[in-house]
Each structure stands twice: as C-alpha cells, then as structure tokens.
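Please read the structure below before turning to the comments.
Here the structure is a predicted model, which is why all the values come from computation and not from measurement.
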Amino acid sequence: MLQQLNDRRTMNGWALFDWANSAFALVITTAIFPPYFEAVIDKEFTALGMQFSNSSWLAFTISISYLIIAALSPVLSGIADAGGRRKFFLQAFTTIGGLGCLSLYFFQDMGDLWLGTIGFMLGLIGFAGGLVFYNSFLPVIATVDRFDKLSAKGFAMGYVGSVLLLILNLAMVLKPELFGIPDTGMATRLAFVTVGIWWLVFGYISFSRLPDDVRKKSAGLADVAKKGVEEFQSVWKKVKASPQTLRFLGAFFSYSAGVQTVIFLASLFAAKELGFETSELIQVVLILQIVAIGGAYLAASVSKRYGNKAAIYFQLVIWFCICLAGYFVQGKSTFYGVAAAVGLVMGGIQSMSRSTYAKLIPTREDVTSYFSFYDILEKMAIVMGTFIFAGLDLLTGSMRLSLLALSFFFAMGMIILWRFRLEEVETI
C-alpha cells in the first residue's frame, strides 16, 4: 500500500527534520565547536605515534567521519529499501548524533581529547548518515510537482531554526552571567547540550509525522543485508542505464566539491586572509544563514518559471563569480558582500539539486538506494574539495589561490550539465 501523497501534516513533519538537524551543522561544525576545540587543545601534540596540530587533527576527524559514512551508506541504504527500514535508520542516526552532542559537555581540556574527538565524530556521522534516509522520503510523500517547493521549505526551516538556536547560544557564550552560568567555557559546553536536545526533540516530533516503515519478511539481519547489497547493485545498473541521471550526478559531484568546500572554509578564509575577529565571523555566519532562507525559495521560483536546469545554471554562474571575487577581495566590507552572495546560492543550489535528482528517480520502491549514490557523491566531493584546497594552501601558502582553484569545479559542473536534459518521469 502506497503512502498518501501530498499530505500537509506529513510534508510539514518532513521539513521539520531540517529544523532539527541543521542546528548541528551551524552551531557545532561552523560557529562554536572549531574555535572551542582550538582553544582547549594544545597547538601541537603527539597522538597515535604521530605529531599533529589541533587544526589538522580536527580536519582529519571530519575526513574520517565522512569516509565512514560514504562506506556505510550503500549497504545501509540497500538494507533500508530491501528490509523496509528507512525510518529506522533515520531515527538511529539521529539518536547517535544527538548523544554525540550531549557527550561534548564533558570535553574540557587536552586530557579529554579522545572524548571530544569521538563525540564530534558521532555528531558528524549522525548528521551525515541520516541525510540519505531523510532525502529519500521526498519522493515517497510528495508528487513531482511539489518537489522543488517542499525541498526549499525544508532548507528554509533548517536555516531559520539553526539561526534561532545560534542566537541563543551566542548570548549564553557572550553573557553567561545572564543565564546563571559561571564562565564562558561552561556556557560553550552547555551550548553543545542545547544542540543535542534540540536535535533529538524536534527530530522525534518529525518522526511522529513521517510514514512508518513497512517491514519486509526476511530470514534475519544477514538475509536483509544480502538483499540490501543486491538492491543497491540493481539500482546502480539502472543508474548506469540512464545517461541523464549519470550526467546530473557527474555535474553534481563536480560543483558540490566547490560548494561544500566554500561552506566549510569561508570563516577560516575570513580569519586568516582578512583578519576577522570571532564576533565578526559570527556576523558572517548569520548573514550566510539568513540570506540562504530567501535563496532557497528564489531558486524554487526560478525553477518554476524556467526549469530546474536553468535554475542550477543561474546559481553556478554566481558561485563561479564568488570564487573570482574571493581571490581579489581585500576589505572586510567587501567580504560581507561576498558572504551575502554565498548565502543567496548556498541554500538554493542544495535545495534545487535534491529536488532535481528526486525527479530523475523513476520509482518510489528503491528511493533510498537511489539517494545513496547522491549522498556518497556529496560526501566524497567534500573529502576531495577540502583535500585539494588544503594541499594548494600548503604548497602555495595562499588561501586565495586555493579559492580561485575552486572555480574549476563550478566550470566543470556547468560543462557537464550543458548536455543534461531533465525528463519528467511519473513515479510508480
């Protein structure tokens, strides 16, 4: 029995999950955890018989977390489709991520290095691991004509929710005495706790509105796992047989390497190249998030009038110009303009990519496995983009040249996308 499509309560519940998990992406990975980690961990230290800087250790933590998810995603998504466990895995990853955030309260100094590292990794794995299952609900709960608007609504709610929590957390960190907190360090650790609670509470409210799993009979976990792998291989054959899907995924991989790298490293660029202080970086992050809300809806509006391909092209041109502008930017005021441009296309490109790919899926039976390819490509793009950026920075000593090099990824994305034709398909 198929899930009733376009049910308002279900669609709102799905979008609410973006509100829940986006707090981790903004508050912990972007705004608060990286500077806290660098403040409490020695600049240079030895671990696992090797010498690390605190920044390189954090970078390796992110890389390893995304590689783990990229390796697990094909198997788990196949199991989700073969065994009817899409919602189960989404709940599991959410719980893992939320508990990881809560554990960071106990991360106070160098003696807690492994506790902080593992807690942060669990948060990353919970966040990134759940996305493929969350995204795969889109073609299950809505018809094709609703994909763009619903996808944009999810991203917009994520930006709004994360900004609200970030404002609260910043107030806690800057004025801990107003909250009865003895010092900034404890206020920061309590901010991690608020993210975990926020993620878990709103996540489980979202789950209550999403369709339940329809478990499929099997001989046990081993049998489901085997069927899951077979399911993934079957979908891969279908993807290979669709030139349009392959073209889109190729373009998506290329421009995602640029998009995700800019998002991860924009604040670091501002601090190193332009001398931004922490308070100024917070303003940059807020500009990115607030403008991204309108950007997601703008992309959906452009798509409605001119089509998905034109909407993505429009944003890729802006991304390309952002990389060029970043190379030449000198003053802080100019960088605020660049940051606003990033925000304008940050939400839109992610929202439009998700809904476009959903339109390419010809069935609602194997959607998790289909989205697994999408998810894996995005994770590997993050690893590749940040690795190349860091390598060029190390070789040239200039983040500006590294940023300029990212324009290549957007140019390649536009070239590959040129031959792409979105063929509307009816879900069955």
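- Checked against the 6.0 Å centroid threshold, Y36 and F192 count as a close aromatic pair.
- No side-chain donor-acceptor contact under 3.5 Å links Y204 and T94.
- Remark: R189 is positioned above the aromatic ring of Y105, its terminal NZ or CZ atom under 6.0 angstrom from the ring centre and at most 45 degrees off the axis.
- For F127 and F24, the distance between ring centers is under 6.0 angstrom.
- Within 6.0 Å of atom OH in Y306, 12 or fewer heavy atoms from other residues, nucleotides or ligands are found, so the atom counts as exposed in its surroundings.
- Nearest heavy-atom pair, F133 versus L90, reported as atom, atom and distance to 0.1 Å: CB-CB, 4.1 Å.
- The local environment of CZ in F207 is crowded, with over 12 non-hydrogen atoms from other residues, nucleotides or ligands closer than 6.0 Å.
- Put simply, the side chain of N169 never gets that close to the backbone of T188: no donor and acceptor are under 3.5 Å apart.
- There is no side-chain donor-acceptor pair under 3.5 Å between Y134 and N21.
- In this structure, K153 forms no cation-pi arrangement with W14, as its terminal cationic atom is not both closer than 6.0 Å to the ring centre and no more than 45° off the ring axis.
- Here the straight-line distance linking atom CD1 of I312 with atom CZ of F248 works out to 4.5 Å at 0.5 Å rounding.
- Using a 3.5 Å distance cut-off with no hydrogens or angles, the side chains of Y327 and S407 do not pair a donor with an acceptor.
- The main-chain N or O of I205 is found under 3.5 Å from a side-chain atom of S208 such that the two form a donor-acceptor pair.
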